[in-house]
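To start, the structure under review is shown below, and the notes come after it.
Computed from a prediction, not measured in an experiment: that's the story for all the values here.
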Amino acid sequence: MGSSTLTKGLERAPHRSLLKALGITDREMDRPFIGIATAQSSVVPGHMHLNLIVDAVKRGISLAGGVPFEFGVIGVCDGLAMGHRGMSYSLPSREIVADSIETMALAHDFDALVLIPNCDKIVPGMLMGLCRADIPGIVVSGGPMLKGTVNYEPIDLNTMFEAVGKVASGAMTEEELYELEESACPTCGSCSGMFTANSMNCITEALGVALPGNGTVPAAFSKRLRLATETGFRAVELAKEGLKPSDILTEKAFMNALALDMALGCSTNTALHLPAIAHEVGVEITFEDVDRMSRRVPQICYLRPAGEYHVEDLDAAGGIPAVMQTLADAGLIDTSCLTVSGKVADRLRKPLSTEVIRPVTNPYKPEGGLAALWGSIAPSGAIVKQGAVAPEMMQHRGPARVFDSEEEAVSAILGGRINPGDVVVIRFEGPKGGPGMREMLSPTSAVVGMGLDKTVALITDGRFSGATRGAAIGHVSPEAAEGGPIAYIKEGDEIIIDIPGRKLDLGISPEELAARMAVPVKKPERNVKGYLKRYAEKVSSADKGAVFES
């Protein structure tokens, strides 16, 4: 298998002819063919500069004696798609990305792949496709955006979403909002906090499918280009060595990734994406795994949106190798796992700051950044970024304020119709019900901006942005569209949240809940067609990673 399928033998003369039409020489026919999958576009700030990364990767491939072949995949910008129908296509696009990688890799029998993503679901989508192809591959992302500044204070995209609520509440003027708007996103790259894109790019290092620095070296740094060149060089070596994803992405590697996830306080979306990648190599990651790791690994980094540090600060402190060294010293990761560049043990370094990366004995939080909850509202589980929840909201009881869409909830929040103590319930936003499990930053940011983040909770069968902070509980499973209990919550019902106790319950008797659930779910009318209709028919629940069911 591999490129020799295209280049060797009498019967491949037509194939060689087509390759020569691309400018490929006879000399190159004997070299490894390396596919380069890039999400470059002029739509997404995280992707606008990927042509520079591609050029650097090509240089590395050529230096190592390989032949680069570039092809593109789609990429949705979650920030631009947020809060309107566009977000329905964000998570579903992960499957299109995966299908594209699988198709291009196997149709053209590349010897190896270099994956160049940057944002959110594109990273796992590319890895899912690579796992299906199971040929040597390596990731190099476009890198994180630098933080912005206004009046010498650091700001980012999260600042902008929360500022909308501040303007609505009268705490900020529109002139001040515009000043933030001008500076919040100052460079290319994935948004600068430990949001979903940067969470996933950091996790590629823990999984072992990227070189050190992939998750944290800023997009605007020339060091990112050098990393890309080294990645291209390493791709050719991987092709010659035959080291495949199935050799690297073992159950132990996924446990390392979960440990890093907890230590960093990553996005709740990792609880969708890690199980989906693992599914492609026959490894099962469950909410129970998330919870066990959360109990075991403390949060030792406190980045935006929970804290005030940004990814560039993490990079300056030693990046992911330093975080993993800290975890390794405490026996919390397996350093014998293979990576694309040796074993985990070969890639560690001491932290340069014990404040950005604290020792395990002095963590920011005694448990990991994520927690899984279960109860009468979520029999199959739910996920919360507990590392970004105010202490006074770790346990909460309040009346349900029920909405059947994100738009209805945002209108109520910005309209001043949500009161301290309320629990906002947003349902029919799951993988099937949305469809597409829309990521919701607008309602959570509005709650923060209105000054309600320490008194109001949100729960949903949809999901939240990696930029979300506060008592925002997502991924409630089963979802409303599948007849889950969340569909039967009534306005004013008591909601009981106990994050330390891992509980999410409805304050009615089991008998009353059973009586309600005996009545078929009444779903809101939505005009769903095309890809979203097909997606809704095939997608699994959030607790299974929202993967396609066979």
Step by step, work out the side-chain contact (heavy atoms from CB on, under 4.5 Å) result for Leu506 and Tyr488. CA-CA 10 Å; Leu506 186 57; Tyr488 295 92; over 6 Å; no
Under a 4.5 Å cut-off applied to non-hydrogen side-chain atoms, are Arg427 and Ile489 in contact? yes
Could you tell me if the side chain of Cys77 sits less than 4.5 Å from the side chain of Cys119, heavy atoms only? no
Report yes if the side chains of Met262 and Leu332 come closer than 4.5 Å at any heavy-atom pair, otherwise no. no
Measuring from atom CE of Met394 to atom CD of Gln386, what distance do you get when rounded to the nearest 0.5 angstrom? 4.5 Å
Enumerate the residue pairs fulfilling salt bridge (charged side-chain N to carboxylate O under 4.0 Å, His left out) with a member in residues 252-262, sequence neighbours excluded, ordered by first and then second residue. Lys252-Asp334
Look at Lys147 together with Glu308 and state whether they make a salt bridge at an N to O cut-off of under 4.0 Å. no
Side chain to side chain donor-acceptor pair (under 3.5 Å) contacts touching residues 416-426 (sequence neighbours left out): Arg401-Asp422
Applying ring pair (Phe, Tyr, Trp, His ring centres under 6.0 Å) as the test, list every pair that has at least one member in residues 383-436; sequence neighbours left out. none
Would you kindly say whether Glu355 and Ser353 are connected by a side-chain donor-acceptor distance under 3.5 Å? no
Considering non-hydrogen atoms only, spot the tightest contact between Ser405 and Glu429 and give its length. CA-OE2, 3.5 Å
Non-hydrogen side-chain atoms of Met437 and Pro431 separated by less than 4.5 Å: yes
OG1-NZ distance between Thr335 and Lys343, expressed to the nearest 0.5 angstrom: 8.5 Å
Ser90 vs Glu439 side-chain heavy atoms within contact, under 4.5 Å: no
Nearest atoms (heavy-atom pairs only) where Ala322 meets Ile357: CB-CD1, 3.7 Å
Pairs satisfying salt bridge (charged side-chain N to carboxylate O under 4.0 Å, His left out), at least one member in residues 505-520, at least two apart: Asp493-Arg516, Glu512-Arg516
Interatomic distance, His273 atom NE2 to Ile203 atom CD1 [nearest 0.5 angstrom]: 9.5 Å
Under-4.0 Å salt bridge between Asp404 and Arg526: no
Sidechain N-carboxylate O distance under 4.0 Å for Arg469, Glu162: yes
Which heavy atom of Gly421 sits nearest to which heavy atom of Val456, and what is that distance? N-CG2, 4.2 Å
Apply the test side-chain contact (heavy atoms from CB on, under 4.5 Å) to residues Met194 and Tyr309: give CA-CA distance (whole Å), side-chain angles for both, the deciding distance (0.1 Å), then the verdict. CA-CA 9 Å; Met194 191 50 68; Tyr309 292 114; over 6 Å; no
Sort and list the pairs that fulfil salt bridge (charged side-chain N to carboxylate O under 4.0 Å, His left out) and have at least one residue in residues 367-390, not counting sequence neighbours. Arg295-Glu367, Glu367-Arg502
CE of Met87 to CG of Leu80: how many Å apart, nearest 0.5 Å? 9.5 Å
Between Leu314 and Ile320, is any pair of side-chain heavy atoms under 4.5 Å apart? yes
When you compare the side chain of Lys490 with that of Val402, does any pair of heavy atoms fall below 4.5 Å? no
Of the non-hydrogen atoms in Glu407 and Gly83, which two are nearest, and what is the gap between them? OE2-O, 4.4 Å
Would you tell me whether Ser267 and Ser199 have side-chain atoms, one donor and one acceptor, within less than 3.5 Å of each other? no
Indicate yes or no for a side-chain donor-acceptor contact from Ser169 to the backbone of Lys166 under 3.5 Å, with no hydrogens or angles considered. yes
Parallel under 30°, tilted from 30 to 60°, perpendicular over 60°: which one fits the rings of Phe287 and His475? tilted
Would Cys131 and Leu249 count as a side-chain contact (heavy atoms from CB on, under 4.5 Å) if you check the C-alpha gap in whole Å, the side-chain angles of each, and the deciding distance to 0.1 Å? CA-CA 9 Å; Cys131 290; Leu249 294 174; 3.5 Å; yes
Search all heavy atoms of Ser465 against all heavy atoms of Leu441 and return the closest pair with its distance. CB-CB, 3.6 Å
Approximate separation, where rounding is to 0.5 Å, of Arg463 CZ and Asn269 CG: 4.5 Å
Taking the side chain from Asn201 and the backbone from Asn118, do they hold a donor-acceptor pair closer than 3.5 Å? yes
Can you find a pair of side-chain heavy atoms, one from Asp78 and one from Lys121, that are under 4.5 Å apart? yes
From CE (Met255) to SG (Cys337), nearest 0.5 Å: 10.5 Å
Criterion side-chain contact (heavy atoms from CB on, under 4.5 Å) on Thr270 and Met200, from CA distance to verdict: CA-CA 7 Å; Thr270 59; Met200 290 309 304; 3.9 Å; yes
Looking only at side chains, do Thr326 and Asp329 share a donor and an acceptor under 3.5 Å apart? no
Please report the closest heavy-atom contact between Ala253 and Ile248, naming both atoms and the distance. CB-O, 3.4 Å
Run the salt bridge (charged side-chain N to carboxylate O under 4.0 Å, His left out) test against Glu392 and tell me which residues pass, sequence neighbours left out. none
